[in-house]
There are 2 protein chains.
Amino acid sequence: MPSSVSRADFEALAEIRYRIRCFIVFSEARAREVGLEPQQHQLLLAIRGLRADVAPTVGCIAERLQVQHHSAVELVRRAVDNGLVMKRVSERDRREVLLEITPKALRLLEKLTVAHRTELRSMAPGLVAAIEAVAP
Amino acid sequence: MPSSVSRADFEALAEIRYRIRCFIVFSEARAREVGLEPQQHQLLLAIRGLRADVAPTVGCIAERLQVQHHSAVELVRRAVDNGLVMKRVSERDRREVLLEITPKALRLLEKLTVAHRTELRSMAPGLVAAIEAVAP
DNA sequence: GCACGATATATCGTGATACGACATATTTGG
DNA sequence: CCAAATATGTCGTATCACGATATATCGTGC
């Protein structure tokens with residue numbers, strides 16, 4: 001029985017990862033250019049990009065960032081130290097902490113989001129093609 | 001002048017990052033399940049997924065992994081220690097080191113690649129839709 | 001054919017960060 | 001009103017990518 005994985009499969013999967021990494025590296029470079037650590041940029045995007053009907057708690061953000069909750073706790077603490085995020089205890093459930101990004105952070109995030117939208121529009125065809133080569 | 005970034009833009013960009021992270025987390029979990037460090041799995045995929053007409057040198061792999069060359073050097077060293085990769089000096093240019101994955105590593109990579117192909121087929125529609133929401 | 005800049009790989013020390021283990025605070029259900 | 005569940009927070013550790021630097025090899029001008 002021959003392998004069920006062809007050379008083309010390896011190439012296509014490697015190509016997806018390569019293109020994703022290019023996007024991530026681009027993103028991290030843009031974030032640092034405006035003085036943000038890449039993870040803190042992702043935190044801001046996760047908070048601001050949450051659907052309006054979802055409460056921006058630490059746990060929810062941890063899920064969206066796909067990290068353990070205590071990693072999110074530390075990330076939020078650094079962001080608060082840098083004046084990017086504000087915490088406030090939820091009134092409904094005082095175990096929960098609601099997150100909000102500061103006006104300064106929002107300006108940086110908007111600037112970064114414009115750059116990312118532009119870059120994505122440029123790389124989307126290649127990335128989508130790579131994905132569809134693996135998952136037709 | 002209003003912001004050129006809408007709420008939908010933030011949500012769509014955040015959604016792309018979320019789905020990419022889900023894929024990465026899935027990938028890292030599968031790699032660890034077969035006893036590979038995620039980066040070493042990526043190294044194997046990068047080597048095996050190289051186009052046939054490209055020489056698998058350390059520098060080339062560093063570019064495909066989007067890391068600095070000395071990061072690739074250390075990654076390769078760990079992979080060699082683990083019996084996953086073999087190095088041999090290029091005859092054409094003795095500065096270059098050509099990389100080859102071992103039969104054992106190839107078996108692991110094939111197994112992982114099957115799992116990734118399956119997962120990608122499952123998540124591709126959502127990911128592509130998210131990309132096209134930002135880059136129509 | 002040799003000096004020198006360019007290129008490819010390697011080494012070492014460091015800093016950031018994500019995680020596991022554990023702790024605290026609050027809510028909920030019987 | 002107590003115990004289990006849930007949400008957040010703290011601390012120590014280990015991994016890993018990077019910058020700075022070093023070594024080896026190649027190519028070129030002279």
Side-chain angles (χ1 to χ4, degrees), chain A residues 17 21-22 24-29 31-32 35-44 46-47 50 54-82 84-100, chain B residues 17 21-22 24-29 31-32 35-44 46-47 50 54-82 84-100:
Chain A
R17 297 304 285 252
R21 277 189 287 262
C22 286
I24 303 286
V25 167
F26 165 86
S27 175
E28 294 181 351
R32 289 189 217 275
L36 288 181
E37 287 300 317
Q39 297 95 335
Q40 299 191 18
H41 168 215
Q42 290 308 299
L43 171 62
L44 298 180
I47 294 172
L50 220 51
V54 179
T57 63
V58 172
C60 170
I61 291 301
E63 201 279 331
R64 292 294 286 181
L65 294 178
Q66 290 283 293
V67 296
Q68 303 296 317
H69 67 273
H70 51 263
S71 301
V73 168
E74 294 173 6
L75 180 56
V76 167
R77 185 187 53 72
R78 295 194 296 268
V80 170
D81 285 351
N82 293 339
L84 301 169
V85 168
M86 293 176 299
K87 296 164 68 171
R88 92 173 185 279
V89 173
S90 166
E91 295 172 8
R92 236 199 17 212
D93 182 339
R94 283 192 317 221
R95 291 171 304 183
E96 292 183 340
V97 172
L98 301 176
L99 305 176
E100 191 181 355
Chain B
R17 297 304 286 250
R21 279 189 285 263
C22 285
I24 303 286
V25 166
F26 164 87
S27 175
E28 294 181 349
R32 289 189 217 275
L36 289 181
E37 288 299 316
Q39 297 95 337
Q40 298 191 18
H41 169 216
Q42 290 308 298
L43 172 62
L44 299 180
I47 295 173
L50 220 51
V54 179
T57 64
V58 173
C60 170
I61 290 302
E63 200 280 330
R64 291 293 286 181
L65 294 178
Q66 290 283 294
V67 296
Q68 303 296 317
H69 64 272
H70 52 261
S71 301
V73 169
E74 294 174 5
L75 180 54
V76 167
R77 186 188 54 72
R78 294 194 296 269
V80 170
D81 286 350
N82 292 339
L84 301 169
V85 168
M86 293 177 300
K87 296 165 68 171
R88 90 170 185 280
V89 173
S90 166
E91 294 171 9
R92 237 198 17 213
D93 183 339
R94 283 194 315 226
R95 291 171 303 181
E96 292 184 341
V97 172
L98 300 176
L99 305 176
E100 190 181 354

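The sequence lines fix the lettering, A, B, ..., with proteins before strands; numbering per chain opens at 1.
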Checklist entry - Are E100(B) and I47(B) close enough that some pair of their side-chain heavy atoms sits under 4.5 Å apart? => result no
Next on the checklist: Within the 4.5 Å heavy-atom criterion, are R88(B) and V97(B) side-chain neighbours or not?
Outcome noted: no
Check whether any side-chain nitrogen or oxygen of [X] sits under 4.0 Å from OP1 or OP2 of [N], and answer yes or no.
X      : N       : answer
K87(A) : dG9(D)  : yes
R21(B) : dA18(C) : no
Q39(B) : dT15(D) : no

Return the minimal non-hydrogen interatomic distance between [X] and [Y], and the atom names on each side.
X      : Y      : answer
H69(A) : A62(A) : CA-CB, 3.8 Å
T57(A) : L98(A) : CG2-CD2, 3.8 Å
Q42(A) : L65(A) : O-CD2, 3.8 Å
L50(A) : R64(A) : CD1-CG, 3.8 Å
A79(B) : L43(B) : CB-CD2, 3.6 Å
C60(B) : V54(B) : SG-CG1, 3.6 Å

Checklist entry - Below 3.5 Å, does any donor atom in the side chain of R94(A) face an acceptor in the base of dT26(C), or the other way round? => result no
Next on the checklist: Using a distance-only criterion (donor-acceptor N/O pair, under 3.5 Å, no hydrogens), is the base of dT6(D) paired with the side chain of R95(A)?
Outcome noted: yes
Checklist entry - Would you say the side-chain atoms of R78(B) and Q39(B) include a donor-acceptor pair closer than 3.5 Å? => result no
Checklist entry - With a 3.5 Å cut-off and no angle check, do the side chains of S27(A) and R17(B) form a donor-acceptor pair? => result yes
Would you kindly give the [atom1]-to-[atom2] distance between [X] and [N], to the nearest whole Å?
X      : N       : atom1 : atom2 : result
Q42(A) : dA18(C) : CD    : C1'   : 15 Å
I24(A) : dA17(D) : CD1   : C1'   : 15 Å
Q40(B) : dA17(D) : CD    : C1'   : 14 Å
R32(B) : dA18(C) : CZ    : C1'   : 10 Å
R92(A) : dT28(C) : CZ    : C1'   : 14 Å
D81(A) : dG9(D)  : CG    : P     : 12 Å
E96(B) : dC26(D) : CD    : C1'   : 10 Å
N82(B) : dC16(D) : CG    : P     : 10 Å

Next on the checklist: Within residues 54-64 of chain A, which residues have any heavy atom lying less than 4.0 Å from an atom of DNA chain C?
Outcome noted: none
Item to check | Any residue of residues 65-77 of chain B with a heavy atom less than 4.0 Å from an atom of DNA chain C | outcome: H69(B), H70(B), V73(B), E74(B)
Checklist entry - Given axes from five pairs at either end, by how many degrees does the helix from dG1(C)-dC30(D) to dG30(C)-dC1(D) bend, rounded to 10°? => result 30°
Item to check | Worked check of side-chain contact (heavy atoms from CB on, under 4.5 Å) between V76(A) and K87(A) | outcome: CA-CA 9 Å; V76(A) 167; K87(A) 296 164 68 171; 3.9 Å; yes
Next on the checklist: On DNA chain C, compare the nucleotides closest to L98(B) and E91(A); which residue's is nearer the 5' end?
Outcome noted: L98(B)
Checklist entry - Is the count of non-hydrogen atoms from other residues, nucleotides or ligands lying under 6.0 Å from R32(B) atom CZ greater than 12? => result yes
